Amino acid sequence: MMNPRRTDLLAAGAATLTVILWASAFVSIRSAGDVYSPGALALGRLLSGALALGAICLIRREGLPPRSAWRGIAISGVLWFGFYMVVLNWGEQQVDAGTAALVVNIGPILIALLGARLLGDAMPPRLLAGMAVSFAGAVTVGLSMSDDGGSSVLGVVLCLLAAIAYAGGVVAQKPVLGSATPLQATTFGCLIGAVVCLPFAGQLVSEAADAPASATLNMIYLGVFPTALAFTTWAYALARTTASRMGATTYAVPALVVLMSWLALGEVPGLFTLAGGALCLAGVAVSRSRGRTAEAVVPVPAPEPRPERTSDPETASDSA
């Protein structure tokens, strides 16, 4: 049996890889989203991811998930892999990046609430405090990046729907990982999401014919790395912790997006943006930390009371 300490380290490493790849997705979406429509981009991303995951499943000889897991896989596939990706792509075309980050970051809060209600997740004070700090950081980043007049009611509603779909997909996936492997849950969830997006196949074909190679390569990158790899490492980590704690981890994404935009796109962040990113990371650190646990004290059983001595001769003879 694997050492619990080693398991925790592997889960933390998987969660870290996930948030790094998900942060990189925002940079790639900016390039591909200028050429591909929301539905076509989602379908192309999911098809690329499904092909990569399917190849890995064949190599590893992964079978079908158990029957009990299919309901949760189907729900997460429709909500998170399918609906979420389409409405998020659409919403980010309607609002500026700051507003999108603000609204979508309601998702971890919804995960915590749904996890406590439906999964019985604990809500320790450190988790709540960390989420509050991270959300304040996300608000700071969002306000610092928002453009005046760059938002629309439709865009805000779409980003809110994306946050709800994200939360519902995570909570639906968590019980699945008790019987299905992370690779199974991700592969078939991605495949179901691709089926949901098949109505956009015509758009994908026509847009791919005219798209520059850089946009198409970004779309394939989105499918192979932020989808196939990152969703699998997410499922691996989720199987080893609560949905609420994993949701709080994604608050590191806004800080990483700021850093990657700085390095890759030359977008120099202001002090307000940097402060918000620092708050996001600090909140994640608090939410992932564990309080000091008191050492286990083994209770010493109290000695049984001895029978009182009596001078009664009959009692003395009975106890002899």
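Keep in mind it's a predicted model, so treat the numbers as computed, not measured.
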Looking at Ala180 and Pro65, what are the two nearest heavy atoms and their distance?
CB-CB, 4.3 Å
Option passing side-chain contact (heavy atoms from CB on, under 4.5 Å) with Cys190 (candidates Leu51, Leu46, Thr232)
Leu46
Which value, rounded to the nearest 0.5 Å, describes the distance between Trp70 atom CH2 and Ser179 atom OG?
11.5 Å
Please check if the side chain of Ser31 supplies one atom and the backbone of Ser28 the other of a donor-acceptor pair under 3.5 Å.
no
Shortest non-hydrogen separation from Cys197 to Leu43 and the atoms involved:
O-CD2, 3.6 Å
Can a donor-acceptor pair be found, under 3.5 Å and without considering hydrogens, that links the side chain of Gln184 to the backbone of Thr181?
yes
Check: Phe225 ring centre within less than 6.0 Å of Trp22 ring centre:
no
Assigning hydrophobic clusters by single linkage (Ile, Leu, Val, Met, Phe, Trp, Tyr; side-chain heavy-atom cutoff under 4.5 Å), is Trp80 placed with Val171?
no
Classify the angle between the aromatic ring planes of Tyr84 and Tyr166 as parallel (below 30°), tilted (30 to 60°) or perpendicular (above 60°).
tilted
I want to check something: taking the side chain as every heavy atom from C-beta on, are Leu119 and Pro175 in contact at a cut-off of under 4.5 Å?
yes
Any non-hydrogen side-chain atom of Phe81 less than 4.5 Å from a side-chain atom of Ile192?
no
Could you go through the side-chain contact (heavy atoms from CB on, under 4.5 Å) check for Thr140 and Phe272 one step at a time?
CA-CA 7 Å; Thr140 304; Phe272 203 39; 3.7 Å; yes
Is it true that Asp121 and Thr242 share a donor-acceptor pair across their side chains at a distance under 3.5 Å?
no
Ignoring hydrogens and angles, tell me if any N or O in the side chain of Thr250 forms a donor-acceptor pair with the backbone of Gly247 under 3.5 Å.
yes
Determine, using the 4.5 Å side-chain heavy-atom cutoff (strictly less than), whether Val104 and Leu222 are members of one ILVMFWY cluster.
no
Distance-minimising heavy-atom pair for Ala167 and Gly107:
CB-O, 3.9 Å
Beyond-backbone contact of Tyr221 with Leu21, side-chain heavy atoms, under 4.5 angstrom:
yes
Could you check whether any side-chain heavy atom of Pro226 comes within less than 4.5 Å of a side-chain heavy atom of Arg45, counting everything from C-beta outward?
yes
Is the closest side-chain heavy-atom distance between Gln173 and Ile75 below 4.5 Å?
no
Does one hydrophobic cluster hold both Leu281 and Leu274, with members joined at side-chain heavy-atom distances below 4.5 Å?
no
Measure across Tyr36 and Gln93 and return the closest heavy-atom pair with its distance rounded to 0.1 Å.
O-NE2, 3.9 Å
May I ask you to test the Met219-Leu47 pair for a side-chain heavy-atom distance under 4.5 Å?
no
Are Cys57 and Leu183 close enough, and set up right, to give a side-chain contact (heavy atoms from CB on, under 4.5 Å), and what steps lead you there?
CA-CA 8 Å; Cys57 282; Leu183 183 57; 3.8 Å; yes
Approximate separation, where rounding is to 0.5 Å, of Thr186 OG1 and Leu191 CG:
12.5 Å
Would Glu62 and Thr187 count as having a side-chain donor-acceptor pair, cut-off 3.5 Å?
no
Can you tell me how far CG of Leu114 sits from CD1 of Ile109, rounded to the nearest 0.5 angstrom?
12.0 Å
Identify the heavy atoms of Leu128 and Met123 that sit nearest to each other, and give their distance.
CD2-CE, 3.2 Å
Membership question, hydrophobic clusters at under 4.5 Å side-chain separation (ILVMFWY): are Trp90 and Val35 in the same one?
no
Could you grab the distance from atom CD1 of Ile111 to atom NZ of Lys174, nearest 0.5 Å is fine?
12.0 Å
How close do Pro108 and Met131 get, counting heavy atoms only, and between which atoms?
O-CE, 3.2 Å
Do Tyr236 and Thr18 come within less than 4.5 Å of each other through their side chains, counting heavy atoms only?
no
side-chain contact (heavy atoms from CB on, under 4.5 Å), that's the test. Do Thr7 and Arg240 meet it? Break it down for me.
CA-CA 8 Å; Thr7 301; Arg240 289 155 179 81; 3.9 Å; yes
What I'd like to find out is whether the side chain of Ser134 reaches to under 4.5 Å of the side chain of Ser287, using heavy atoms alone.
no
To the nearest 0.5 Å, how far apart are CE in Met260 and OG in Ser24?
5.5 Å
Can you measure from CG (Leu10) to OG1 (Thr233) and round to the nearest 0.5 angstrom?
12.0 Å
According to a hydrophobic-cluster definition based on side-chain heavy atoms being under 4.5 Å apart (Ile, Leu, Val, Met, Phe, Trp, Tyr only), do Leu127 and Val284 belong together?
yes
Report the hydrophobic cluster partners of Val133, with the cluster defined as I, L, V, M, F, W, Y residues connected by side-chain heavy atoms closer than 4.5 angstrom, directly or transitively.
Leu279
